Amino acid sequence: MEQRRVTDFFARRRPGPPRIAPPKLACRTPSPARPALRAPDSATSGSRKRARPPAAPGRDQARPPARRRLRLSVDEVSSPSTPEAPDSPEAPDIPACPSPRQKIKKSTPAAGQPPHLTSAQDQDTISELASCLQRARELGARVRALKASAQDAGESCTPEAEGRPEEPCGEKVPAYQRFHALAQPGLPGLVLPYKYQVLAEMFRSMDTIVGMLHNRSETPTFAKVQRGVQDMMRRRFEERNVGQIKTVYPASYRFRQERSVPTFKDGARRSDYQLTIEPLLEQEADGAAPQLTASRLLQRRQIFSQKLVEHVKEHHKAFLASLSPPMVVPEDQLTRWHPRFNVDEVPDIEPAALPQPPATEKLTTAQEVLARARNLISPRMEKALSQLALRSAAPSSPGSPRPALPATPPATPPAASPSALKGVSQDLLERIRAKEAQKQLAQMTRCPEQEQRLQRLERLPELARVLRSVFVSERKPALSMEVACARMVGSCRTVMSPGEMEKHLLLLSELLPDWLSLHRIRTDTYVKLDKAADLAHITALLAHQARAEEGL
């Protein structure tokens with residue numbers, strides 16, 4: 001009896017792999033109705049294990065995976081006659097995701113729904129999808145147009161640092177270019193404008209590329225040099241910049257238009273004219289071909305920088321002549337610019353003319369063709385060309401010439417209003433102006449060593465008070481130079497190194513040897529201070545000394 005029940009249990013098992021429950025998905029497409037499963041046999045109800053229902057006919061193969069079963073075929077989507085089973089076990093009450101496929105699926109007619117309503121829903125869905133697609137295409141085209149316009153604007157509005165004038169752009173020059181001279185570290189001197197420093201860097205890069213091509217006996221062309229300079233500087237390098245370099249340093253290169261020059265540029269032919277750049281070098285003593293060595297590159301770079309400074313000196317000289325009263329400073333004594341001279345507003349260097357390829361005569365109008373081929377054409381063709389020439393030569397409205405912008409006058413100091421100077425003696429004004437001009441002249445002709453000495457003199461009154469406090473706190477008659485400098489570095493407001501502080505102490509002992517004295521014992525130097533001296537009198541002497549040297 002038990003053997004028969006076990007045999008019946010295994011006989012009712014369906015062949016094939018075990019059934020895998022489909023995964024729970026957030027969005028499921030309802031599947032068509034399936035035939036109802038057959039109820040299990042009542043004879044096996046007494047068994048402990050639940051008997052599996054027999055396989056439906058035609059389902060002997062393994063069921064496809066759940067992901068593959070959820071895909072809809074084209075017939076199911078497009079055919080509006082497939083009904084849905086409301087009581088299907090595979091369609092739980094879960095809200096469907098708002099996707100286009102489900103919209104099309106929902107648009108299929110249900111049982112008892114008129115077909116014309118279903119077609120209207122299909123048309124609404126398709127029109128909505130078409131409008132969304134059209135809107136996406138318009139947005140994409142608009143984004144591409146904005147990107148292209150932004151790139152064009154960036155290329156056309158290149159700042160002066162890239163060698164282009166700022167007039168076509170219309171945008172304000174960035175502050176790091178307008179105030180470049182004020183942000184330079186170190187002592188003030190003959191600082192070049194930002195655009196001139198960029199031009200000097202372009203000359204250095206150009207000289208490097210030309211030197212490499214010249215040393216390996218290769219003809220340097222503008223196309224090769226342009227590509228190399230732009231890779232080195234990450235800036236645009238054009239023929240205008242080459243013309244500026246020729247203006248500043250005309251003895252640096254020889255420019256020519258040559259043809260039959262080997263080129264590796266796409267679209268360039270050997271028969272085309274190319275601008276060649278040949279460095280002008282001194283002949284070697286042994287008669288060998290001159291080479292652009294590192295020492296010559298450095299020498300040419302220094303010459304170019306010096307010529308840029310001379311170019312700025314010319315504008316500075318014109319500015320000094322426009323002052324009231326005018327000033328004259330020898331160029332060999334000039335060490336810094338006038339305080340009111342705006343270095344970064346110096347105009348651009350005018351580019352020199354470069355050799356152009358020889359102009360080939362081209363026939364562009366009908367009159368030129370008629371004049372050239374009058375004897376080679378028939379009278380009928382000559383008459384047609386004459387009529388065309390008359391039509392093309394019709395008077396047209398010429399464009400109004402663009403007015404030239406007036407040249408900006410040199411910047412002059414703001415003059416005081418007559419009402420503010422009313423009642424002031426003219427002699428007093430002249431003396432004040434003369435004294436101010438003398439002070440500015442002293443500033444412009446002061447050497448860097450004097451500038452450093454003046455800066456140290458300005459710090460000495462404060463350092464004198466700090467030094468006396470250090471001696472009072474230490475309670476010692478003398479301190480070593482190392483200890484005194486370390487204590488003052490920690491107490492002074494100005495950040496200085498111990499070596500710089502030692503220079504200040506040496507200057508202080510030079511000016512006031514009775515108050516601060518230095519004693520060298522073996523390898524150490526000791527500092528001795530007179531604590532009984534009046535500190536206010538000491539600071540007044542130091543301030544007077546600073547003013548006296550500054551007025552020289």
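Sequence positions, counted from 1, serve as the residue numbers for this chain. Everything quoted here is computed from the prediction, not taken from an experiment.
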Q257 side chain to P355 main-chain N or O, any donor-acceptor pair under 3.5 Å? yes
Is there side-chain contact between P220 and T276, with heavy atoms separated by less than 4.5 Å? no
Taking all atoms of both residues into account, what is the closest heavy-atom pair of L308 and I349, and its distance? CD2-CD1, 3.7 Å
Is there a side-chain contact between F341 and L320 (heavy atoms, below 4.5 Å)? no
Residue list, salt bridge (charged side-chain N to carboxylate O under 4.0 Å, His left out) with E436, at least two apart or on another chain: R340
Go through it in stages, so that I can follow the logic: the residues are Y196 and D348, the test is side-chain hydrogen bond (donor to acceptor under 3.5 Å, both in side chains), and I'd like the CA-CA distance, side-chain angles, deciding distance and then a yes or no. CA-CA 8 Å; Y196 284 19; D348 288 343; over 6 Å; no
Looking at side-chain heavy atoms only, is the closest gap between V225 and F237 below 4.5 Å? yes
All heavy atoms of E331 vs all of K313, minimum pair found to be O-NZ, 3.4 Å
Quick check against the 3.5 Å criterion: does T247 have a side-chain atom that pairs as donor or acceptor with the backbone of E350? yes
Yes or no on salt bridge (charged side-chain N to carboxylate O under 4.0 Å, His left out) for E451 and R336, after CA distance, side-chain angles and deciding distance? CA-CA 11 Å; E451 191 71 27; R336 58 182 301 182; 3.7 Å; yes
Heavy-atom check, side chain of M444 versus side chain of H316, under 4.5 Å: yes
Does a side-chain N-to-carboxylate-O contact under 4.0 Å join R178 and D344? no
Pairwise side-chain contact, P290 with R296, heavy-atom cut-off 4.5 Å (strictly under): yes
Charged N-O contact under 4.0 Å between R235 and E201: no
Tell me whether D207 contacts the main-chain N or O of F203 through its side chain, where contact means a donor paired with an acceptor under 3.5 Å. no
Any donor and acceptor pair, going by atom type alone, linking the side chain of K246 with main-chain N or O of A353 inside 3.5 Å? yes
Would you say that more than 12 heavy atoms from the other residues, nucleotides or ligands in this model lie under 6.0 Å from the CZ of R137, or not? no
Hey, does N241 have a side-chain heavy atom less than 4.5 Å from the side chain of E238? yes
Is the shortest side-chain heavy-atom distance between I277 and T221 below 4.5 Å? no
Quick one: are E278 and Y253 in side-chain contact, heavy atoms under 4.5 Å? no
Ring pair (Phe, Tyr, Trp, His ring centres under 6.0 Å) involving H338 - partner list, sequence neighbours excluded: F319
V346 backbone acceptor or donor facing K195 side chain under 3.5 Å: yes
I want to know whether Y176 and Y194 have ring centres closer than 6.0 Å. yes
